2 protein chains.
Amino acid sequence: MTSASRPRRSDATRAAILNAARERFAADGYDRTTIRAVAADARIDPAMVMRYFGSKQQLFAAAADFDLRIPAITGLPPDQVGSGLAAHFLDRWEDSDSLQVMLRSAATNEAAAEHARRIFAEQVTPAVAALEPDPEEAAALAALVAAQLIGLAMCRYVLRLPPVVAMGREELVARYGPLLESVLTSRRTGTR
Amino acid sequence: MTSASRPRRSDATRAAILNAARERFAADGYDRTTIRAVAADARIDPAMVMRYFGSKQQLFAAAADFDLRIPAITGLPPDQVGSGLAAHFLDRWEDSDSLQVMLRSAATNEAAAEHARRIFAEQVTPAVAALEPDPEEAAALAALVAAQLIGLAMCRYVLRLPPVVAMGREELVARYGPLLESVLTSRRTGTR
DNA sequence: CGTGGAAGTCAACAGGTGTTGACCGCACGG
DNA sequence: CCGTGCGGTCAACACCTGTTGACTTCCACG
């Protein structure tokens, strides 16, 4: 196994490419991001990007890989789950480009959309399943939670609707906390 | 005024271009939609698109112009406002590409995002302002309503999260009705 | 030293893009 | 009957894209 071998000289370059790629994908989405622009940001030749990552699609896959780090919501007092989730995601959005990468790219790139579905299935669904025994209902609630957070992120970071941009962190937490809570504690009451 | 003049022979072509453009923009977003593809769909020469609409950006502006047709929500009994809104938007999404045009394009095209902000200000905000006297709070509530609907649309039509796709119309109405209602009847209770 | 392989550069490719201007043909008013 | 103008076609432009392969430079090790 060579995974613990001495760090190669190229690791720094690799990381620089990945940083530049994340910024570009977050700002411009998949289609408008060019390999040449990423290379220029990282101060290297476009050919290096291909050498290290193989193709634009694989570069994107590497740049879009991230962890939502959803906190365990099982132990919290029930009236703090919603505001805790809201606060967590607001912080996560502000200090990382990863979610904007996904939102801006998934709109036009099927691989990015597939990636989003995977993150949803592997990270959001299990977290909600800890609260809801019925797996089918858990999947539905997880989807509603995702819709809440994605709607907020779209309005605040992508569309930049003025009222949403103007709201501060604590105001958003105060407004979304109860909303998320009522989603999580709701059960289907309709037909079937 | 020549607006009532005999219909020109070119009007049909113009409409064909617009139809093809809306489909392409809805399916692929702004960047990946090419003038050549639109022209091929409309069975005409790419140069005609330029002749009629001037540029790709102006073609987009023409294709993205639409009306949400938000129903008057003042007269409804308070417990039907939410489900009424949910039902209206689900129907609107299913029978028109316009909203997908906006969602897919605004992610990477600033003009499209500006267009979305205008539609929000001209159509969503006034509708909510009929229920909420304080204009600042009305803007905030309108933004939250928009976030609800955009989150749902993103998950169902763009990201295609399986649980959201699987839900039927009446299930979505049943789940989103109360949610929208609690948004509309909420007031800010936090700091300030 | 010198040699082998990794790291990085350069120039070019094949294809696609928005956009332009010169050209053609047909209907219609004189 | 002509010719004028509108609807439409064609070919080309300048540019940008992802990707490739041959080339040079540099460093570490024998």
Side-chain angles (χ1 to χ4, degrees), chain A residues 2-25 27-64 101 104-105 108-112, chain B residues 2-25 27-64 101 104-105 108-112:
Chain A
T2 58
S3 67
S5 65
R6 140 167 51 87
R8 300 195 170 213
R9 206 160 22 110
S10 62
D11 288 349
T13 309
R14 224 188 149 79
I17 295 174
L18 220 42
N19 276 344
R22 265 192 265 261
E23 277 179 36
R24 284 283 178 175
F25 281 132
D28 298 337
Y30 183 85
D31 298 312
R32 286 191 23 182
T33 294
T34 70
I35 295 219
R36 283 170 164 87
V38 170
D41 289 357
R43 295 168 193 281
I44 45 109
D45 193 273
M48 294 302 296
V49 179
M50 303 302 295
R51 213 197 230 313
Y52 283 121
F53 293 93
S55 72
K56 184 182 178 181
Q57 195 63 245
Q58 291 174 66
L59 171 64
F60 176 82
V101 170
R104 284 216 151 85
S105 301
T108 52
N109 185 271
E110 176 53 26
Chain B
T2 58
S3 68
S5 65
R6 138 168 52 89
R8 300 195 171 213
R9 203 157 27 107
S10 62
D11 288 349
T13 309
R14 223 188 151 81
I17 295 174
L18 220 43
N19 276 345
R22 264 192 266 261
E23 276 179 35
R24 285 282 178 175
F25 281 131
D28 299 337
Y30 184 84
D31 298 311
R32 285 189 24 181
T33 293
T34 69
I35 295 220
R36 283 168 164 88
V38 170
D41 289 357
R43 295 167 193 281
I44 44 112
D45 192 274
M48 295 302 300
V49 179
M50 304 302 294
R51 211 192 232 307
Y52 283 124
F53 293 93
S55 72
K56 184 182 178 181
Q57 195 63 245
Q58 291 174 67
L59 171 64
F60 176 82
V101 170
R104 284 216 152 86
S105 300
T108 52
N109 184 270
E110 177 52 26

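Numbers restart at 1 for each chain; the letters A, B, ... are given by sequence-line order, proteins then strands. Please read these numbers as outputs of a predicted model, since none were measured by experiment.
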Inset, instruction - To the nearest 0.5 Å, tell me how far Arg104(A) CZ sits from Asn109(A) CG. - result: 15.0 Å
Inset, instruction - If the plane angle is over 60° it's perpendicular, under 30° parallel, otherwise tilted; pick one for Phe25(A) and Tyr30(A). - result: parallel
Please tabulate the protein-to-nucleotide N/O contacts below 3.5 Å involving nucleotides 17-24 of chain C, giving atom names and distances.
residue : atom : partner  : partner atom : Å
dG18(C) : OP1  : Ile35(B) : N            : 3.4
dG18(C) : OP1  : Lys56(B) : NZ           : 3.4
dG18(C) : OP2  : Ile35(B) : N            : 3.2
dG18(C) : N7   : Arg36(B) : NH1          : 2.7
dG18(C) : O6   : Arg36(B) : NH2          : 3.2
dT19(C) : OP2  : Lys56(B) : N            : 2.9

Legend entry - Distance in Å, Ile44(A) CD1 paired with Arg51(A) CZ, rounded so as to fall on 0.5 Å steps: 11.5 Å
Inset, instruction - Report yes if at least one side-chain N or O of Thr13(A) is closer than 4.0 Å to OP1 or OP2 of dA7(C); otherwise report no. - result: no
Legend entry - Any Ile17(B) side-chain heavy atom under 4.5 Å of Leu59(B) side chain: yes
Inset, instruction - In whole angstrom, give the distance that lies between atom CE of Met48(B) and atom P of dC6(D). - result: 12 Å
Inset, instruction - Give one of base, sugar-phosphate or nothing for Tyr52(B), where a contact means two heavy atoms less than 4.0 Å apart. - result: sugar-phosphate
Legend entry - Nearest-0.5 Å distance, CZ of residue Arg36(B) to CG of residue Asp45(B): 9.5 Å
Legend entry - Between P of dG7(D) and CZ of Arg14(B), the distance in whole Å: 11 Å
Inset, instruction - State whether the side chain of Arg22(A) and the backbone N or O of Ala63(A) hold a donor-acceptor pair below 3.5 Å, judged by distance alone. - result: yes
